[in-house]
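These notes are about the structure you will find just below.
Throughout, protein chains are lettered first and strands after them, A, B, ... in sequence-line order, and every chain is numbered starting at 1.
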Number of protein chains: 2
Amino acid sequence: MANLTSHIHCQNCSMAALCLPYQLDQEGMNRLDTIIQRHKPLHKRDVLVNAGAPLKYLYAVRSGSLKSYTIDDNGVEQIIDFHLPGDLVGFDALAEGQHRSYSQALETTMLCEVPIVSLDELVIEMPSLRKQMMRLMSSEIFSSKQLLGTLNNRSAHQRLAHFLVTLSDRFKARGLSSTSFRLTMTRADIGNYLGLSVETISRILSALQGEGVIDVQNKLVNIIEPARLRELAH
Amino acid sequence: MANLTSHIHCQNCSMAALCLPYQLDQEGMNRLDTIIQRHKPLHKRDVLVNAGAPLKYLYAVRSGSLKSYTIDDNGVEQIIDFHLPGDLVGFDALAEGQHRSYSQALETTMLCEVPIVSLDELVIEMPSLRKQMMRLMSSEIFSSKQLLGTLNNRSAHQRLAHFLVTLSDRFKARGLSSTSFRLTMTRADIGNYLGLSVETISRILSALQGEGVIDVQNKLVNIIEPARLRELAH
DNA sequence: ATGATTTCCTGATTTAGATCAACATCCCTA
DNA sequence: TAGGGATGTTGATCTAAATCAGGAAATCAT
């Protein structure tokens, strides 16, 4: 374990395939490396960005997880996204140059920070980086619209099943287990995100366990019948 | 009325401020003009793009309106967006290079078509065009996530009020009346989009009319008390 | 124009999920 | 390691919106 460099290298990052470096050649990675900085680790509940703050960096999650949320006129938190390793935080801020949501760590979380000004310059010279940025944004547009439809017209059972399936798929894409993972967010967070009450989340998790589809021990989820769960999500 | 040119000019387009040309100088507009083509007008119910079709053009709505929707495994249509003049159709396709939703005209609709390959080239040389693309995509990301939250935790009344307020704001941004407009989509479309039944949409429109907040004559909506409606949307 | 079909409205009934309530368990902090 | 707030579970009740049902109006095709 000689790799104790103080700087991050996209080359060694297991999330590179999902993140900005995707399809970059060696030289491209090096150039990206020169602008990327390491952010000090966040602890659970630490806030990474505040809504309204000027956009200075785009953040890439190296490990851990965050939730993004807005706070409405009545002071009510509204979760709009959960971020896993490889995800980028801050796309919604590009339009106005300032963040439009809060992002808070759900557990100890490591991040790369990409200065927007440097990224802007790099994007001019590197078509594949530009492509990847577009790709990531485009995916985010589709998935959030898709989700809207999915949630809107589905029952509580289907919503939660869909949520678990989506998490499972995302973990899989990150080389992690698709059948066994930890819910780093609370039941209340899940309910808030899915538009359901905490009680409903609890009840449905219990019900799914009763049916033998999943096994839940507190935060730990084991998907016993992935196909069945996927079916329930419709 | 001498302007019978067969080609479109961004300079004269009333939607330019919302669309790709935003913040482009004269020369920029000219260059954009050289690649933009006019699409033949769509009639009501004409389908502009099919899900799965390769992405060749980004479309800008000149006049009229469209709905975008996916069709799930059970053949059920799920509306994910309504497009008004100035809006761009096709951002969700950039990631995979193929459209991920269907887009269908809700009325007679005029479009500009922007070849992706040419746009790709132009974007390299024109930082302000690139910025605007990013800006538009970023806005779309935020607004769809925001909408998700908004709809998820709100009552049917709030959802529909929010829908009307959003439409009103969008018409206003386009230089059209914010208080008097036509719903080009059916009640079923609205219900599908908001996750409510047709009957509920009908009932709430009647109720809002009863309370004197709006006046509805078939497709025509008159917002009598905009402040009150905004309040109802929370 | 005229019938046919789609769209829209209103009432009656049912139900999924919210809310209220009470308790159990977890996990911080001192 | 004990105590206390946060988090999670389960049950009972209530309610908003879905569903079912029947017409009325608008729109389309001939």
With distance as the sole criterion, is a donor-acceptor pair present between the side chains of [X] and [Y] under 3.5 Å?
X	Y	result
A/Asp92	B/Ser138	no
A/Arg159	B/Asn152	yes
B/Thr200	B/Ser197	yes

For residues [X] and [Y], determine if any side-chain heavy atom of one lies less than 4.5 Å from a side-chain heavy atom of the other.
X	Y	value
A/Pro115	A/Lys56	no
A/Leu88	A/Tyr59	no
A/Ile141	B/Arg100	no

At 4.0 Å (heavy atoms only), tell me whether [X] reaches a base, stays on the sugar-phosphate, or touches nothing.
X	answer
B/Gly195	sugar-phosphate
B/Thr186	sugar-phosphate
A/Leu196	sugar-phosphate
B/Ile201	nothing

Would you say A/Ser206 reaches D/dT10's phosphate, i.e. side-chain N/O to OP1/OP2 under 4.0 Å?
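Affirmative; the distance criterion is met.
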Sugar-phosphate means primed atoms, P, OP1 and OP2; the rest is base. With that split, encode nucleotides 19-28 of chain C 5' to 3' as B, S or - using protein heavy atoms under 4.0 Å.
BB-----S-S
I need the [atom1]-[atom2] distance between [X] and [N], as an integer number of Å.
X	N	atom1	atom2	answer
A/Gln209	D/dT9	CD	C1'	12 Å
A/Arg182	D/dT7	CZ	P	13 Å
B/Leu160	D/dA16	CG	C1'	15 Å
A/Asn153	D/dA18	CG	P	9 Å
B/His157	D/dT15	NE2	P	16 Å
B/Leu220	D/dA25	CG	P	19 Å
B/Gln217	C/dC8	CD	P	14 Å
B/Glu107	D/dT27	CD	C1'	16 Å

Determine the minimum heavy-atom distance between B/Pro226 and B/Thr179, stating which atoms define it.
CG-CG2, 4.3 Å
Angle by which the axis turns from one end of the helix from C/dA1-D/dT30 to C/dA30-D/dT1 to the other, five pairs per end, to 10 degrees:
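Taking five pairs per end, the axes differ by 60°.
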Any carboxylate oxygen within less than 4.0 angstrom of a Lys/Arg side-chain nitrogen, looking at B/Asp169 and B/Arg230?
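Between B/Arg230 and B/Asp169 there is a salt bridge, with a charged N closer than 4.0 Å to a carboxylate O.
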Ranking D/dT9, C/dC8, D/dA17 by distance to the side chain of B/Ala156, first place goes to D/dA17
B/Asp72 side chain vs B/Glu77 backbone, donor-acceptor pair below 3.5 Å
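Judged by distance alone, no pair lies under 3.5 Å.
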